[in-house]
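Chain naming here is simple, since letters A, B, ... match the order of the sequence lines and numbering starts at 1 in each.
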Amino acid sequence: MKIVVLAKQVPDTWSDRKIDLESGMLDRAASEPVPDEINERALENALQFKDANKDTEIVVLVMGPEDATKTLRKLLSMGADSAVLVTDASLAGSDMVQTARVLAAAIEKIGGADLVVAGNEATDGRGGMIPAMVAEVLGLPVLPGLDAIEIGPDRVSGTAGVDGGSLQVSSSLPAVVSVTEKTAEPRFPNFKGIMAAKKKPLDTWSLAELGIQAGPEAASVRSVMVSATARPPKQAGPKVADDGTAASQLAEFLAANRLI
Amino acid sequence: MYQITEDQRALVDAVRDFATERIAPHALDWDAEKHFPVDVLAEAGELGLGGIYVGEEHGGAGLDRKDAVLIFEELAKADPALSAYISIHNMVVWMIDSFGTDEQRARWVPDLATMQHLGSYCLTEPGAGSDAASLTTRAVRDGDDYVLNGVKQFISGAGTSEYYVVMCRTADTGSKGISTLVVHKDTPGLSFGPNEKKMGWNTQPTRQVIFEDARVPVAHRLGEEGDGFHIAMKGLNGGRINIGACSLGGGQAALEKATAYLKERTAFGAPLTTKQSLVFDLADMATDLEAARTFLMRAADALDRKDPDTVRLCAMAKKVATDTGFDAANKALQLHGGYGYLHEYGVEKIVRDLRVHQILEGSNEIMRLIVGRMLVDA
């Protein structure tokens with residue numbers, strides 16, 4: 001079986017993240033780029049299948065800046081077989097539609113996949129639509145937001161949490177699934193994996209190699225940021241001075257804001 | 001002089017991720033409860049921490065001593081005492097891998113390298129510490145066995161470890177009459193003393209290992225009869241570098257805690273970082289640690305290259321790194337004021353853990369003896 005795992009390099013979740021107001025794009029210099037944590041859970045699900053089915057091939061796929069090879073090396077050190085980075089200056093500021101088109105084209109160039117596994121959403125954009133969009137472009141079924149996943153030789157199934165309950169879903173392969181942080185606790189890469197990772201294939205593709213247009217030429221199929229403003233500074237909240245009624249004032253405040 | 005390679009950076013990042021998640025959050029509890037986390041050690045084994053500089057043939061990670069310095073320092077930032085135990089275990093596995101026959105290596109190394117089995121190193125005796133060549137634990141040949149009698153003192157991991165690499169006397173010819181036996185924990189006649197009550201290193205058990213007519217197959221001997229002292233001393237070169245790295249990690253962690261504390265603590269109307277003498281303390285700690293780190297890497301490089309100057313450099317670097325690490329931790333405690341004396345701040349634990357590094361793997365006085373003798377005898 002061939003599994004493609006989608007991954008992303010994001011600004012460090014634990015540091016300040018900034019938008020460059022001139023371009024409307026993420027200011028990548030403002031914080032350290034790190035592998036998104038959900039990548040590793042997506043990969044772990046694939047690796048657990050590979051542990052039991054040695055003839056499984058796992059390819060990790062990233063669209064991002066050139067230094068995203070760092071994220072790919074980490075995933076290779078965990079046990080993925082090969083990696084592909086799609087990088088191109090004209091991809092900067094891509095929206096979800098363009099990202100999905102590029103990822104789908106890359107999956108086709110890889111030679112297709114029996115299963116595509118992605119995290120449910122990245123910690124930076126938090127759109128959460130990429131897996132479904134990639135499935136749409138590829139004409140595959142999608143099982144989104146799975147809290148648990150079971151991969152079989154010709155089917156994938158899982159559990160997705162919904163308001164007031166959970167759904168048992170399954171699909172024949174090929175298919176696209178996205179997983180939440182409730183799935184597989186990722187393994188730590190071991191020293192052998194780290195040393196082996198540098199010998200594994202890591203291909204870098206440009207848009208020309210995928211035969212895809214981006215940037216202004218593709219304006220008809222992508223959104224364009226026209227302006228950006230900084231988030232207004234937070235207003236100070238009301239202060240409660242305790243004149244003996246503070247507790248009831250606090251309770252009223254919480255009730256009025258539907259917090260209790 | 002040296003720069004960390006991309007590979008080394010990746011190794012250290014992996015160790016940091018592991019240590020931050022699996023070790024650091026528990027280190028204070030393990031210290032207070034004297035808990036030896038064998039489950040976490042098994043996880044460390046999966047990472048490759050059980051046979052860092054052991055060849056890949058039987059499951060080691062095949063890295064070098066410079067890599068090991070970086071790895072032990074990183075582990076020690078989370079817990080110097082557990083890092084130190086892992087370093088002792090690595091010395092044991094390395095000894096078996098370096099001096100064992102192919103059959104012995106194939107039999108013992110794989111489970112030790114994954115830390116499914118733990119190892120202990122038995123050199124010191126109640127009456128023989130710095131003067132290791134005077135050890136009296138005796139192995140008497142009887143057919144295909146040795147009959148082993150004697151007591152080993154201050155043995156890390158004793159009672160829990162599966163295998164004990166024991167230095168013992170097979171002839172009354174001083175250092176030339178010492179041999180090395182690998183003893184399994186279930187050997188009849190092998191027993192252990194109570195877990196010692198110690199100043200630090202509480203997360204690893206320390207017990208006497210007692211042999212009373214313990215029969216050990218001759219096939220469990222590493223090398224030839226009389227090779228033991230040579231094996232012990234070879235092991236200690238690397239042991240000294242490793243324990244130095246553990247001290248640097250502890251000292252570095254203490255420095256980072258002290259820096260954070262001075263930034264947030266105010267006195268006399270301003271943060272403590274406005275007091276220049278205190279910032280000078282931080283600067284001195286950072287500078288001394290960096291100097292020791294550079295020296296330690298030089299000694300590790302000598303060991304990797306089998307440089308003839310290895311013994312001298314390892315002895316010097318052990319003294320510098322363990323003194324520097326302890327001094328940094330002790331200074332960090334002082335900078336924390338009364339809070340530094342509280343367990344929950346984590347600084348006094350580092351001081352207690354690092355104190356013993358100045359005593360073991362050859363006391364720092366013995367390090368000076370080694371260096372001094374070389375000067376005088378030259």
Side-chain angles (χ1 to χ4, degrees), chain A residues 7 9-15 31-44 47-48 50-52 60 62 66-80 83 85 123 181-202 204, chain B residues 4-25 39-72 74-75 78 86 89-90 93-94 109-110 113-116:
Chain A
Q9 185 156 297
V10 296
D12 190 350
T13 318
W14 305 106
S15 66
S31 51
E32 197 193 344
V34 297
D36 201 352
E37 287 170 25
I38 198 74
N39 297 338
E40 291 164 32
R41 290 185 189 270
L43 175 61
E44 179 62 37
L47 287 171
Q48 287 180 7
K50 184 181 166 81
D51 288 343
V60 284
V62 164
E66 277 175 33
D67 70 356
T69 48
K70 185 177 131 183
T71 286
L72 289 169
R73 288 285 175 212
K74 170 93 190 274
L75 297 171
L76 288 171
S77 69
M78 285 174 68
L85 171 65
T123 50
E181 57 194 20
K182 289 183 182 162
T183 58
E185 191 65 35
R187 65 195 64 191
F188 291 100
N190 63 30
F191 294 165
K192 276 182 197 159
I194 291 166
M195 302 313 273
K198 62 182 179 182
K199 295 180 194 128
K200 290 178 177 174
L202 193 166
T204 302
Chain B
I4 290 177
T5 65
E6 206 174 300
D7 287 348
Q8 287 173 328
R9 174 60 53 204
L11 295 169
V12 169
D13 285 348
V15 172
R16 183 184 305 117
D17 285 349
F18 175 75
T20 305
E21 196 171 311
R22 294 286 201 266
I23 299 175
D39 52 339
V40 176
L41 290 173
E43 283 187 67
E46 285 175 31
L47 235 72
L49 285 167
I52 297 169
Y53 43 84
V54 169
E56 291 174 285
E57 189 184 353
H58 296 296
L63 302 175
D64 66 21
R65 301 293 186 147
K66 295 188 287 297
D67 301 329
V69 164
L70 298 169
I71 289 166
F72 286 124
E74 199 58 43
L75 281 173
I86 294 173
H89 172 86
N90 268 271
V93 187
W94 170 84
V109 172
T114 56
M115 299 188 91
Q116 292 301 310

inquiry  = Holding to side chain to side chain donor-acceptor pair (under 3.5 Å), I want the full list of residues that pass it with A/Lys70, two or more places apart in sequence or in another chain.
reply    =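 A/Lys70 satisfies side chain to side chain donor-acceptor pair (under 3.5 Å) with A/Glu32 only.
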ask   = Who among B/Glu21, B/Glu56, B/Glu43 has the most heavy-atom pairs with chain A under 4.5 Å?
value =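 Ranked by heavy-atom pairs under 4.5 Å with chain A, first place is B/Glu21.
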query = Looking only at heavy atoms, what is the nearest atom pair of A/Asn190 and B/Glu46, with distance?
reply =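 Looks like CB-O, 3.1 Å.
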A/Ile194 versus B/Ala14, closest heavy-atom pair with distance =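 Result for this residue pair: CD1-CB, 3.4 Å.
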inquiry  = Given heavy-atom pairs under 4.5 angstrom as the criterion, report whether the side chain, backbone, both or neither of B/Leu49 touches chain A.
reply    =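 The answer is both parts of B/Leu49.
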ask   = With A/Phe191, which of B/Asp7, B/Val15, B/Asp67 fulfils side chain to side chain contact (heavy atoms under 4.5 Å, CB included)?
value =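 Between A/Phe191 and the candidates, side chain to side chain contact (heavy atoms under 4.5 Å, CB included) is satisfied uniquely by B/Val15.
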CG on B/Leu47 to CZ on A/Arg187, rounded to 0.5 Å =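 It comes to 12.5 Å.
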